[in-house]
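Scroll down for the structure; my scribbles are underneath it.
Within every chain, numbering begins at 1; the chains are lettered A, B, ... in the order of the sequence lines, protein sequences first and strands thereafter.
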Amino acid sequence: DTGVSQNPRHKITKRGQNVTFRCDPISEHNRLYWYRQTLGQGPEFLTYFQNEAQLEKSRLLSDRFSAERPKGSFSTLEIQRTEQGDSAMYLCASSRGQGVGETQYFGPGTRLLVL
Amino acid sequence: GESVGLHLPTLSVQEGDNSIINCAYSNSASDYFIWYKQESGKGPQFIIDIRSNMDKRQGQRVTVLLNKTVKHLSLQIAATQPGDSAVYFCAENSGGYNTDKLIFGTGTRLQVFP
């Protein structure tokens, strides 16, 4: 399967714990995006990378959230001191990154439940 | 509570009929639009896209129409099948120099009955 992959697919944690999610984009895709989706809503943009550079961050990405893409390939999204309001589906997408307004292909998501 | 947001607009159609899903977008500067299909528990799946210099684009069984005057987008699905049952989202990209994010609409649930 050469699509976007995300791990883990599901995560249950207790409030206050730290969690980390991983995203592997489509091979040779330079741009990688993180979105968050709550039940019944469309995905909301969090941040994106062009290779290893983080180009934009949403105001939704509080200080407890950090994303990295150290080698320009896979990316990690860490949430520190999780809160119940962090419960959501975290989606990763990738695109070729040769221009703006390209098709973004999504992974299956990581569903987070904070108890 | 948890029920808020579950009340997506729903379109119910009979198998074999044509479906039309509508979307109003917000930014008149947006120049790229995408329709995604999302099945329960899965990530959004690309269906079809269109740029602002076009008003119609066709794919296999799907057609997207763009009306920039009223900032309206529609997705037409021909001969709707049970496998088309899902939530459909439109998304826009403003295409600005320093941004490449998609802004999604609230979604429409399509239910196909045999």
(message) Please report whether the ring centroid of A:Phe45 lies less than 6.0 Å from that of B:Phe104.
(response) no
(message) For B:Phe89 versus A:Gln37, what's the shortest heavy-atom pair and its separation?
(response) CZ-NE2, 3.6 Å
(request) Nearest 0.5 Å please: distance from the CD atom of A:Glu44 over to the CD1 atom of B:Ile103. (result) 11.0 Å
(request) Using a cut-off of 6.0 Å, state whether more than 12 heavy atoms not belonging to A:Arg64 lie near its atom CZ. (result) yes
(request) Check each atom of B:Glu92 against the heavy atoms of chain A and say whether the ones under 4.5 Å are side chain, backbone, both or neither. (result) neither
(message) Sub-4.5 Å heavy-atom contacts with chain B: which residues of residues 84-91 of chain A show up?
(response) A:Met89, A:Leu91
(request) Please indicate whether A:Leu60 has more than 12 foreign heavy atoms, meaning atoms of other residues, nucleotides or ligands, lying under 6.0 Å from its CG. (result) yes
(request) Select one option (side chain, backbone, both, neither) describing which atoms of B:Tyr36 are under 4.5 Å from chain A's heavy atoms. (result) side chain
(request) Check whether A:Gln6 gets within reach of chain B through its side chain, its backbone, both or neither, counting any heavy atom under 4.5 Å. (result) neither
(request) Check the surroundings of atom NZ in B:Lys68: do more than 12 heavy atoms from other residues, nucleotides or ligands lie under 6.0 Å from it? (result) yes
(message) For the CG atom of B:Asn93 and the CD atom of A:Glu102, what is their distance to the nearest 0.5 Å?
(response) 9.5 Å
(request) Taking heavy atoms only and a threshold strictly under 4.5 Å, list by residue number the residues of residues 44-55 of chain B that touch chain A; give 'none' if the list is empty. (result) B:Pro44, B:Phe46, B:Asp49, B:Arg51
(request) Go through the steps for B:Leu102 and A:Tyr48 under the test side chain to side chain contact (heavy atoms under 4.5 Å, CB included), then give the verdict. (result) CA-CA 11 Å; B:Leu102 291 176; A:Tyr48 85 95; over 6 Å; no
